[in-house]
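Here's the structure we're looking at; comments come further down.
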Amino acid sequence: MTRLIFLGPPGAGKGTQAKTLAQHLNIPHISTGDILRQAMKEQTPLGIKAQGYMDKGELVPDKLVEDLVSERLQQADTHSGWILDGFPRTVNQAVFLDKLLHTLAQGGEKVVNLEVPDDVVVARLLERGRKDDTEEVIRTRLQVYRTETAPLIDYYRDRQQLLLINGNQSQEEVNNELEKAIAS
Ligand code: ADP
């Protein structure tokens, strides 16, 4: 049973690593960013509500993502574990998740922090060229990361759930380090 939360700045490689590991462990990879982008594409009520925030690089309101994660973690395929990618992103969301996991009797989650220097992150994002990867939006997302999301590193360190991984190496090396860390 593996339950993992992936933290790290935008461009850290969370999505890629989370997806690879989830496939290997045969557990669902739950990316709030992917779910929101799909909802936007389909122009569902959730997608329409999220669009303006995402286009600007701002966080969508907690309630929207909290509802979607709550619903997702109650689906049958989560019984064997999961990887959460992009959630929680604020301390409020982390507190919400604690309560949710308690209610669902799902515990023992570990938190992976992918560490990558700022200049590397910006270079990677500009190269990736997703719709929300323009320079101005990237600047906003990094700022939001520093003020809203980075405090979660201490939050989880204090609770002794944190695994630190060097994200500034090849994808394969990151994957190896990750597999070792979760096995120990
Ligand atoms: P990245 O991996 O580059 O950080 P994501 O795909 O995780 O990007 O997220 C893209 C956008 O989706 C964010 O900039 C934000 O607007 C929205 N989003 C995703 N997850 C959350 C969340 N937990 N809370 C609020 N907004 C979120």
Side-chain angles (χ1 to χ4, degrees), residues 3-22 28-73 78 82-101 109 111-153 155-156 165 167-168 171 174-175 178:
R3 298 190 182 112
L4 288 174
I5 294 167
F6 270 57
L7 286 183
K14 289 190 303 281
T16 312
Q17 291 299 332
K19 204 168 149 195
T20 308
L21 188 62
H29 165 223
I30 303 172
S31 158
T32 47
D34 285 353
I35 294 170
L36 290 170
R37 273 186 292 279
Q38 185 62 30
M40 267 166 46
K41 209 163 110 190
E42 292 168 5
Q43 290 285 292
T44 66
L46 171 67
I48 292 166
K49 283 185 205 140
Q51 180 131 27
Y53 301 97
M54 291 182 70
D55 285 346
K56 282 188 270 185
E58 293 168 5
L59 295 182
V60 308
D62 285 346
K63 177 82 170 62
L64 289 185
V65 272
E66 286 170 2
D67 285 351
L68 93 77
V69 167
S70 170
E71 202 181 294
R72 185 63 187 86
L73 286 181
T78 58
W82 39 255
I83 298 181
L84 266 181
D85 163 12
F87 187 92
R89 242 182 169 90
T90 65
V91 172
N92 275 342
Q93 290 178 11
V95 172
F96 171 88
L97 182 63
D98 284 343
K99 288 191 200 134
L100 176 66
L101 295 180
E109 74 282 9
V111 180
V112 170
N113 188 44
L114 279 183
E115 300 184 293
V116 180
D118 275 7
D119 52 337
V120 175
V121 157
V122 175
R124 282 188 188 174
L125 290 174
L126 286 173
E127 208 169 302
R128 183 168 76 178
R130 203 171 68 195
K131 185 164 163 259
D132 58 349
D133 285 340
T134 62
E135 212 168 326
E136 196 191 336
V137 177
I138 289 173
R139 212 172 296 131
T140 305
R141 280 160 60 212
L142 281 175
Q143 184 60 30
V144 169
Y145 169 76
R146 283 189 205 106
T147 54
E148 303 284 332
T149 310
L152 291 178
I153 298 171
Y155 178 89
Y156 287 116
I165 304 291
N168 192 19
Q171 278 182 22
V174 176
N175 180 258
L178 199 50

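Atoms within each ligand, like the ligands themselves, are counted from 1 in listed order. As a basis for the values below, the full set of heavy atoms in this structure was taken, side chains included, without hydrogen atoms, waters or symmetry mates.
- Near Glu58, with a cut-off below 4.0 Å to any heavy atom, the atoms of ligand 1 are 15 (C), 16 (O).
- Residue Thr32 has at least one heavy-atom neighbour below 4.0 Å for each of these atoms of ligand 1: 19 (C), 20 (N), 21 (C), 23 (N).
- Taking distance alone, with nitrogen or oxygen atoms compared against 3.5 Å, Ser31 stays at or beyond that limit from ligand 1.
- Here the protein heavy atom with the shortest distance to atom 2 (O) of ligand 1 is Lys14 NZ, 3.6 Å.
- Close contacts between ligand 1 and Pro10 involve ligand atoms 3 (O), 4 (O) [criterion: under 4.0 Å to a heavy atom].
- Less than 4.0 angstrom separates some heavy atom of Arg37 from each of these atoms of ligand 1: 6 (O), 10 (C).
- Residue Arg130 places a heavy atom under 4.0 Å from ligand 1.
- Of the N or O atoms in Asp34, none lie within a sub-3.5 Å distance of an N or O in ligand 1.
- Residue Gly86 has at least one N or O atom closer than 3.5 Å to an N or O atom of ligand 1.
- Closest to atom 3 (O) of ligand 1, if we only count protein heavy atoms, is Arg141 NH2, 2.7 Å.
- Among protein heavy atoms, the minimum distance from atom 24 (N) of ligand 1 is reached at Gln93 NE2, 2.9 Å.
- Inclusion of Leu36 in the set of residues having an N or O under 3.5 Å from an N or O of ligand 1 is not warranted.
- Contact analysis puts Arg128 in contact with ligand 1, with a non-hydrogen atom separation below 4.0 angstrom.
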